[in-house]
Amino acid sequence: MIDIRLLREDFNTTKTALQRRGVETADIDRLVFLDEKHRRFTARRDQLRSEIKKLSAQISALRRSDKGETVDQLTAKSKSLSNEEKAVSAQAESVNSELRSLLLILPNLPDPDCPDGLTAESNVIIRSYPTRLPEYPLHQRVPHWDIGKELDILDMERGAKLSGSMFPLYKGMGAALVRALTSFALDLHADTFTEIQPPTLVRTQTMMGSGHLPKFSDEAYQVERDDLWAIPTAEVPLTSMFADEILEQSDLPILLTAHTPCFRREAGAAGSKTRGLLRLHEFNKVELFGYVTQDQAADVHSDMLRRAEELCKKLGLSYRVLDLCAGDMGLSAKRTYDVEVYAPGCDQWLEVSSVSWCGDYQARRANIRYRSADRVNQFVHTLNGSALAWPRIWAALVETYRLEDGSVEIPQCLQHYMRGVGRITK
RNA sequence: GGAGGGAUGCGAGAGUGGCCGAAUCGGGCGGUCUCGAAAACCGCUGUGUUGAAAGACACCGUGGGUUCAAAUCCCACUCCCUCCGCCA
C-alpha cells in the first residue's frame, strides 16, 4: 500500500498520480476524510489512556497509606474514564478498519515516466526483436493445439477429463520440453539469483503481502478447509519470505529465482483467446525476484527485463517489449514492462513475462525493512518478473519450429536438457 | 491424529497484578588505554503511531476477556520443540 502521509502532505501530486491509475476522486476524498477522523479519535483515546495511567499510579500509592475513601473516589473516576476510553477506542478501530480496507485495494503510484492511459491500447511498444516480423511459411502457420495432437505431446482432452478445461496435460517429449525450459532458465539465472523452491499453498496473510488479496480473491483458488490459497505466481511466497523482518543494507540486493506451478481461476475467460495453451488455470513459470534499496531498483529492473528477453532470443522466438501505461499495470506496480512472443500458428502475440518494479508498496504491506547505513529503518523495494511463463513459450516454440514434414525441431540450447533429442516426430 | 513443554528486545534469558518498555549476560556501536591489536573499564544500543516540539500512546506469539491498573490472571487460536501414531 501507499503511505497515507503522501495524501496528507502532498495531496495534489498524489491525487493526480492516483487518477492516472483510474482511481475515483470520491475514493481519494474519502481516504483523506477517514485519515483525519482516525487521528482525531486516536488522539482522544491516547489522552484518556494517559489520564487513566496517572490515576492508577495514584491509587497504587494511596493504597499503601490506606486512605480508603480517596481511593474509592479515584477508582470511580478512573472507571468512568475507562468506559469512555473503550467507546472512543471502538470508534477509532472502526474508522481504522475502513481506512485500511480502502488502502489495501488502492493501487501503487505510477512512475512519472510511465505512459499515460487507462487501457491496454495505451501501452507503448518500445522495441521488437527482430525489428521486423519475419515471413512465416505455411507449415509454421499451424496452431499448437493441432501440433500437440498430431505429435501426441499435448492432450487437452485428458487434462479436461481430470480437472476441467484449461488444465493442460503434456505428454512424452511435450512434457520433457517444459522440464527442459525450466532447467535451462534456472541454470541461466543461477549466476546471480538464488534458487528457491517455496510452498505453493499459502496463508491469507501471504497473499495480502504481494497485493493479490483482498482485491482479487475471485482470481485465486482457495483451500477453504485449511484457510490456504494456491499461489497465482511465485511472486506471492517470494514477497512474504522476509515479511516482518529488518534486513541489513549489506544484505541487499537479495535476488531470488523460483520455479513453481501457478494457479489462476481466470473467472469469465472464454473464447478464442483461451484455446490450447493460451490461457490456463494451471501453468509453470520461472520467476525472478529482487529485494533492493531504492538506488538499486532501476538496475535490477533492467537486468530482469534483459534476462526475459535473452531467453526469448536464445530460444529463437520473435518478441516485443511493451511499456505498460499507468492504468494497465497490476495493483502493486510502479512501472511494468511486458514481453510478448509471436506465435505464428495462432497468429498472436502472447504475453510471456511481466517485469515490475513495485517500489515500497509490497514492502509496506508485508512490513519488510532494511537498516540503512545511517541506522534508519526503511522499506525495501521489490521487483519481480517472469523468465518465463512456459505454456505460451511452448506454444510459440512448436509453431515456430514446425518443419514441412510436421515434425518440430528442438532449439540447440534445449537439446542438452532433452537427452540430446533434436526433433520431435510422430 | 494423541500426550506434554514452550513463545519476552539483535541473541540467550529473568520477570506471575501497580514507576516493567522490561533485570542480567552476550553481540553491535562509540570512547579510555595502546605504536597497533587483544584484554580490561566507561557509555550508547527494540519497533511504531501522533505531534512543530516537549511529550503522549501502542507493542512481551495472535485475538478476545477480567481489573481503577495486565508481559503477569482467564478463554480461544497460531507457531515451535519432545514423545507416540500415521505416512511419500
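Chain naming here is simple, since letters A, B, ... match the order of the sequence lines and numbering starts at 1 in each. Bear in mind that the values here come from a model prediction, so they are computed numbers and not experimental data.
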* Asked: Hey, is A/R279 close enough to A/E266 for a salt bridge, meaning N to O under 4.0 Å?
  -> yes

* Asked: For atom C1', what is the distance between B/A69 and B/C57, given to the nearest Å?
  -> 16 Å

* To do: Please report, rounded to the nearest Å, how far the P atom of B/U78 is from the CD atom of A/Q205.
  => 16 Å

* Gap between atoms CG and C1', on A/D244 and B/C79 respectively (whole Å) -> 14 Å

* Between B/U50 atom P and A/E36 atom CD, what is the distance in whole Å? -> 13 Å

* Quick one: is B/A69 close enough that its OP1 or OP2 comes under 4.0 Å of any side-chain N or O from A/T75? -> no

* To do: Figure out the CG/P separation between A/L62 and B/G18, and round it to whole Å.
  => 17 Å

* Asked: When you check the phosphate oxygens OP1 and OP2 of B/G64, does a side-chain N or O of A/K86 lie under 4.0 Å from one of them?
  -> no

* Would you call A/D303 and A/R306 a salt bridge, taking side-chain N to carboxylate O under 4.0 Å as the test? -> yes

* **Spacing of A/L74 atom CG relative to B/C68 atom P, expressed in whole Å** => 13 Å

* To do: Mind calculating the distance between CD (A/E245) and P (B/G61) to the nearest angstrom?
  => 18 Å

* Is there a side-chain polar atom (N or O) of A/S56 under 4.0 Å from OP1 or OP2 of B/G18? -> no

* Asked: Who is the Watson-Crick or G-U wobble partner of B/U78, with both distances under 3.5 Å?
  -> B/A7

* To do: Send over the distance from A/N367 CG to B/G48 P, rounded to a whole Å.
  => 8 Å

* Length of the line joining A/D227:CG and B/U62:P, which is rounded to integer Å -> 19 Å

* Structure fact -> Checking N1-N3 plus N6-O4 or O6-N4 for Watson-Crick, or N1-O2 and O6-N3 for wobble, each under 3.5 Å, the partner of B/C60 is none

* Identified pairing partner of B/C86, criterion: Watson-Crick or G-U wobble below 3.5 Å -> none

* To do: State the pairing partner of B/C20; accept Watson-Crick or G-U wobble contacts with both distances under 3.5 Å, and report none otherwise.
  => none

* Asked: When you match A/R369 and A/R49 each to their closest nucleotide on RNA chain B, which lands nearer the 5' end?
  -> A/R369

* A/R39 side chain near B/G51 phosphate (N/O to OP1/OP2, under 4.0 Å) -> yes

* Phosphate contact (B/C79 OP1 or OP2) by A/R203 side-chain N/O below 4.0 Å -> yes

* Write down the partner of B/C41 under the Watson-Crick or G-U wobble criteria, each distance required to be under 3.5 Å. => B/G31

* Look through every strand shown and name the nucleotide pairing with B/G55 as Watson-Crick or G-U wobble, where both distances are under 3.5 Å. => B/U50

* Does A/E36 come within less than 4.0 Å of A/R8, counting only side-chain N to carboxylate O? -> no

* Roughly how far apart are A/L311 CG and A/L388 CG, rounded to 0.5 Å? -> 5.0 Å

* Before accepting this row, confirm whether a basic side-chain N of the pair A/R335/A/D323 lies closer than 4.0 Å to the acidic partner's carboxylate O. => yes

* Asked: To the nearest 0.5 Å, how far apart are CZ in A/F193 and CZ in A/F289?
  -> 11.0 Å

* To do: Give A/R5 one of three labels, base, sugar-phosphate or nothing, depending on what nucleic acid heavy atoms sit under 4.0 Å from its own.
  => sugar-phosphate

* Asked: What nucleic acid atoms does A/T42 come within less than 4.0 Å of, heavy atoms only: base, sugar-phosphate, or nothing?
  -> nothing

